[in-house]
Amino acid sequence: MLDIQILRKNINDVETALLKRGIVFDTETFLQLETKRKEIQIKTQELQARRNKLSKEIGLIKKQGGDAEPILKEVSEIGDTLKQSEQELGKVQKSLDTLLHGIPNLPHETVPQGVAEDDNVENKTWGDRKTFDFKPKDHVELGEITGMLDFDAATKISGSRFVVIKGQLAQLHRALIQFMLNTHVNEHGYTEVNVPYIVNSDSLFGTGQLPKFEDDLYKVPRQKAEIYEIPVDIESENKSSGNDDGEEYYYLLPTAEVPVTNLAREEIFSASDLPLKFACHSPCFRSEAGSYGKDTRGMIRQHQFEKVELVHMVHPDNSYAALEELTGHAEVILQKLDLPYRVMTLCAGDMGFSAAKTYDLEVWLPGQSRYREISSCSNCEDFQARRMMARWRNLETNKPELIHTLNGSGLAVGRTLIAIMENYQTSDGKIMIPDVLQEYMGGISEIG
RNA sequence: GGAGGGAUGGCAGAGUGGUUGAAUGCACUGGUCUUGAAAACCAGCAACGGGGCGACCCGUUCGAGAGUUCGAAUCUCUCUCCCUCCGCCA
């Protein structure tokens, strides 16, 4: 969520910044709403002040045993006007909120202009792409040969975009999780957390998935206490547009970023608490609505996958240094696994809703002969913090101020598994185990 | 599933219709004292929003929402969450 003060004072800057993302901001509508808001708010508050003043006088008069009748009459006349004014204000506020909640974060000045993937900028590449003296297979073929990736079984059990991993490959998958967590906790100073996989709408609002991206999420009906049906004809008039079904659903987490970042929701940290760094392994659930036909082959894009997520909560001055650090931590995993990758700075138009700047790590997949995203590391600045009121106390001002939040994958486990399969394959379809993982695999050096 | 009890400022915890945005303690900030620190003492200290160049002024907020009232932390209703006991259970 943007600071509404920026919209009020520097609307042109906002327009320009959003244009960098390829978004044309409806300044006209905003200014109209804002003018209306100001007018109604001032009027409402004047009425409230008058009512409060008179009510206090009534209290005093009654205490002294005087006659409050004249004032009582005057104040009761304010009632209707005030109520109407308050309702009007509520409507305008709501429209403004809806508008504000739908505006994505403004890109940092170092973010390249652009609207799509093609405009992302390559920062660096790491590692040598291995050359094979045979035609490298992709993970689907390798999975078939070894019998350890079973898409048909998953289709039977669940449907498309699921997979069953079997045998030593499942073990390798588990080994990757241990390896990633251990590295981040023991070498990078993260605190490991284990979180709920079902989250509420407040949490999703906090990180920015709601209200705009509800279609991407799996909803879980929530058990509600039984309530009596209210006869429709009586009640329907009064139930205005504000009839959100707010807490009727839980949601499956699309990323551990949601529960972990929300640890900071409505908290005020002391300056010495920061930075906080959390590492969390979790499954992730995504409906993938709107991605029909995209990445249908293999386990690149699944409804359910596992990920080790890194989250930083930092002093606002340090968030860009933290972004470099966090990205570096994700890179370490790829380096230790000796998987070739490149680092991309996402262009403004390709960034997620909450991000001010994002680096993507893309791993080389020889079976597909291309780089594929395996981690996305973002600085959200105060965008999420404002939505969830995550603050720290500045001792210089003695006031609570917004923290900055960052998140990144360190790494996506399923895609890392694919990368190992494709990069470490042998001509007869076996998979070599990267050195650093062998201790997690009972010392073996090859599977398949 | 059954029976009770609760939710108030950063934290703990008073407050049951009228200058209560809220006693008190802790924490925090500034000061006195001290060689320095601690202790003691003095003072300050909720958040959010609006108006004004500004000194300031105003509004909202005591889990959330609705209601009663001239006036609600306090009364009514609904919801959410937490705690205790019993039952069941990985």
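The model shown is predicted, which means the values in this text are computed figures rather than measured ones. Proteins get letters first, then strands, A, B, ... in listed order; numbering begins at 1 in each.
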A/H101-A/F205 aromatic ring centre distance below 6.0 Å: yes

Under 4.0 Å between a side-chain N/O of [X] and OP1 or OP2 of [N], yes or no?
X: A/N52; N: B/G59; answer: yes
X: A/K56; N: B/G71; answer: no
X: A/K73; N: B/C70; answer: no
X: A/R51; N: B/U60; answer: yes

Quote, to the nearest angstrom, the [atom1] distance that separates [N] from [M].
N: B/U74; M: B/U20; atom1: C1'; value: 11 Å
N: B/A37; M: B/C28; atom1: P; value: 15 Å
N: B/C48; M: B/C42; atom1: P; value: 30 Å
N: B/A55; M: B/G6; atom1: C1'; value: 45 Å
N: B/C85; M: B/G15; atom1: P; value: 26 Å
N: B/C77; M: B/A72; atom1: C1'; value: 15 Å

Minimum-distance nucleotide to [X] side chain [options: [options]]:
X: A/N398; options: B/G44, B/U60, B/G49; result: B/G44
X: A/I42; options: B/C70, B/G51, B/C45; result: B/G51
X: A/I58; options: B/G18, B/C81, B/G49; result: B/G18
X: A/K62; options: B/U60, B/C48, B/G18; result: B/G18
X: A/Q41; options: B/U60, B/G49, B/C45; result: B/G49
X: A/K399; options: B/U68, B/A47, B/U29; result: B/A47
X: A/R393; options: B/C70, B/C48, B/G10; result: B/G10

Lys NZ or Arg CZ of A/R391 over A/F269 ring: under 6.0 Å, within 45°: no

Row check, A/Y251 ring normal vs A/K219 NZ/CZ: under 6.0 Å, within 45°: no

For [X], answer base if it contacts any base atom (sugar-phosphate contacts may also be present), sugar-phosphate if it contacts only those atoms, and nothing otherwise; contact means non-hydrogen atoms under 4.0 Å.
X: A/I71; answer: nothing
X: A/I268; answer: sugar-phosphate
X: A/R391; answer: sugar-phosphate
X: A/E39; answer: nothing

Geometric class of the A/H184/A/Y190 ring pair [parallel <30°, tilted 30-60°, perpendicular >60°]: perpendicular

Aromatic ring pairing A/W392/A/H315, orientation class (parallel under 30°, perpendicular over 60°, tilted between): tilted

Identity of whatever pairs with [N] - Watson-Crick or G-U, under 3.5 angstrom:
N: B/U32; value: B/A40
N: B/G4; value: B/C83
N: B/C62; value: none

Integer-rounded Å distance: B/A47 P and A/E266 CD: 16 Å

